[in-house]
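Take a look at the structure set out below.
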Number of protein chains: 2
Amino acid sequence: MTTQTAIDNFVNRCRTLGLSVTPQRLAIFKALIDDHSHPRPEDIYKKIKAEHPTISLATIYKTLETFEKHGIVSVVTHLHNTVRYDPITEPHHHVVCVKCNKIIDVIDPSLNTIKVPEHILQGNELLGYSIHFNVICSECRLKETN
Amino acid sequence: MTTQTAIDNFVNRCRTLGLSVTPQRLAIFKALIDDHSHPRPEDIYKKIKAEHPTISLATIYKTLETFEKHGIVSVVTHLHNTVRYDPITEPHHHVVCVKCNKIIDVIDPSLNTIKVPEHILQGNELLGYSIHFNVICSECRLKETN
DNA sequence: TTATTAATTAATAATTGTTATCCAATAATA
DNA sequence: TATTATTGGATAACAATTATTAATTAATAA
Ligand SMILES: [Mn+2]
Ligand SMILES: [Mn+2]
Ligand SMILES: [Zn+2]
Ligand SMILES: [Zn+2]
């Protein structure tokens with residue numbers, strides 16, 4: 001998909017969702033669409049400031065949250081707000097509730113035999129891998145306003 | 001392994017590493033060893049304050065970092081310091097450098113066919129899963145002081 | 001044991017990342 | 001056009017983390 005097509009899709013998507021396509025939103029989307037560095041809000045802010053000198057960081061945060069809510073962009077992990085410590089040091093996996101950030105262990109040896117793509121091992125030292133099963137947990141499902 | 005055995009191992013481990021076994025360190029370790037909630041430093045602080053009213057939150061942070069450095073405890077993700085946005089909304093995976101927090105996409109359909117353990121689906125709504133390949137990247141390996 | 005040095009802790013300040021508030025500006029709708 | 005809803009900007013507030021520094025404690029060598 002070309003960048004222009006992606007932008008057109010974005011515009012249509014916003015209209016369908018009832019979100020107005022403001023210059024700020026367009027700028028933020030454009031800043032992200034071809035950026036594969038998984039930038040922080042701050043990074044996007046810096047990229048945009050030249051064209052939009054008056055935009056505030058809070059707008060970037062709010063806009064990205066709106067985008068994420070509607071599936072226009074995604075976040076790499078929902079566990080980005082605070083460190084979470086684990087007494088288990090052996091490789092294992094986790095169920096993560098994206099609403100309440102509850103974390104449950106998944107200890108299942110069959111998940112430790114994944115075929116690691118070769119290119120990951122080129123130059124990097126692999127320490128291990130861990131699977132995040134992203135869920136809305138039963139408690140949070142009950143709380144949801146349907 | 002019993003809790004007492006774990007504590008004994010911890011004490012021996014510290015001695016081997018040349019870390020002194022202080023009451024604070026012991027208390028922090030004990031607070032974590034049987035806690036499977038993947039607590040935040042703040043949670044551990046609250047648990048400990050009754051017995052150790054003078055301990056400071058900064059000590060908790062530093063001690064946990066020391067423990068993690070020596071493999072006594074682990075962190076659920078190293079990407080806990082800030083949100084990272086992604087223009088890709090399709091399921092995919094990531095290489096994460098635990099030193100510099102660089103994130104590289106891993107798009108490999110063969111990794112999207114993992115057998116999800118049944119119990120994860122009980123009550124929870126599964127949104128998807130994503131694998132974090134934790135590495136020390138080539139750049140960071142060069143920087144390391146060996 | 002005591003003196004010396006190194007390591008650890010506590011208190012606190014500073015910084016960073018994020019969210020809330022409030023008002024003005026803009027856009028959508030009647 | 002008038003009305004209402006949405007959005008954005010400025011700023012303050014808050015939460016998480018890190019840095020600084022001095023006091024305390026522990027380790028080690030006379
Ligand atoms: Mn765990
Ligand atoms: Mn990605
Ligand atoms: Zn939940
Ligand atoms: Zn790196």
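Worth knowing before you read on, the calculation uses all heavy atoms, side chains too, and leaves out hydrogens, waters and symmetry mates. Keep in mind the model is a prediction, meaning the values are calculated, not measured.
- For the pair A:Tyr129 (side chain) and B:Val95 (backbone), a donor-acceptor distance under 3.5 Å is absent.
- For the pair A:Gln24 and C:dT26, the criterion of a side-chain N or O lying under 4.0 Å from OP1 or OP2 is not met.
- If you measure from atom CD1 of B:Ile60 to atom P of C:dA10, you get 9 Å, rounded to the nearest angstrom.
- Atom-to-atom, CZ of A:Arg84 to C1' of D:dT17 comes out at 16 Å; the value is rounded to the nearest Å.
- Between A:Pro23 and B:Glu42, the residue anchored closer to the 5' end of DNA chain D is A:Pro23, taking for each the nucleotide with the nearest heavy atom.
- Within 4.0 Å of B:Thr59, counting heavy atoms only, lies at least one base atom of the nucleic acid.
- Between D:dG8, D:dT11, C:dT8, one nucleotide has an atom nearer to the side chain of B:Arg25 than all others, and that is C:dT8.
- Taking only side-chain nitrogens and oxygens, A:Thr22 comes nearer than 4.0 Å to OP1 or OP2 of D:dG8.
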Given side chain to side chain donor-acceptor pair (under 3.5 Å), test B:His93 with B:Asp105 step by step and report yes or no. CA-CA 6 Å; B:His93 310 285; B:Asp105 285 319; over 6 Å; no
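- Relative to the side chain of A:Ile55, the nucleotides C:dT9, D:dG9, C:dT12 differ in distance, and D:dG9 lies closest.
- For B:Asn81 and C:dT15, the CG to P distance is 19 Å, given to the nearest whole Å.
- Nearest to the side chain of A:His80, among C:dT18, D:dG9, D:dT17, sits C:dT18.
- The CD1 atom of B:Ile28 sits 13 Å away from the P atom of C:dT8 (whole-angstrom rounding).
- For the pair B:Pro53 and B:Thr82, nearest-nucleotide mapping onto DNA chain C gives the more 5' position to B:Pro53.
- Across all strands shown, the partner of D:dA30 is C:dT1, judged by Watson-Crick or G-U wobble contacts whose two distances both fall under 3.5 Å.
- Aromatic ring orientation, A:His94 versus A:His132: perpendicular (interplanar angle above 60°, classes split at 30° and 60°).
- Rounded to an integer number of Å, the gap from B:Leu17 CG to C:dA7 P is 14 Å.
- Rounding to whole angstrom units, OH of residue A:Tyr61 and P of D:dA10 are separated by 17 Å.
- With C:dA7, D:dA19, C:dA10 as the choices, the nucleotide that has an atom nearest any side-chain atom of B:Ser20 turns out to be C:dA7.
- Looking at the side chain of A:Glu65, the nearest of the listed nucleotides C:dT8, C:dT18, C:dT19 is C:dT19.
- Spacing between atom NE2 of A:His52 and atom C1' of C:dA25 amounts to 16 Å, rounded to whole angstrom units.
- The A:Lys62 side chain lies nearest to D:dG8 when the options are D:dG8, D:dA26, C:dT19.
- If you take CG on A:Leu19 and NZ on A:Lys69, they are separated by 8.0 Å, rounding to the nearest 0.5 Å.
- Among the nucleotides C:dA20, C:dA10, D:dT17, the one closest to the side chain of B:Pro41 is D:dT17.
- A donor-acceptor pair shorter than 3.5 Å cannot be found between the side chains of B:Thr66 and B:Thr63.
- Rounded to an integer number of Å, the gap from CG of A:Leu19 to C1' of D:dA5 is 13 Å.
- For the OP1/OP2 pair of D:dG8 and a distance below 4.0 Å, the side-chain nitrogens and oxygens of A:Ser56 include no atom meeting the criterion.
- Two residues are said to be in side-chain contact when any heavy atoms from C-beta on lie closer than 4.5 Å; A:Asp86 and A:His92 meet this criterion.
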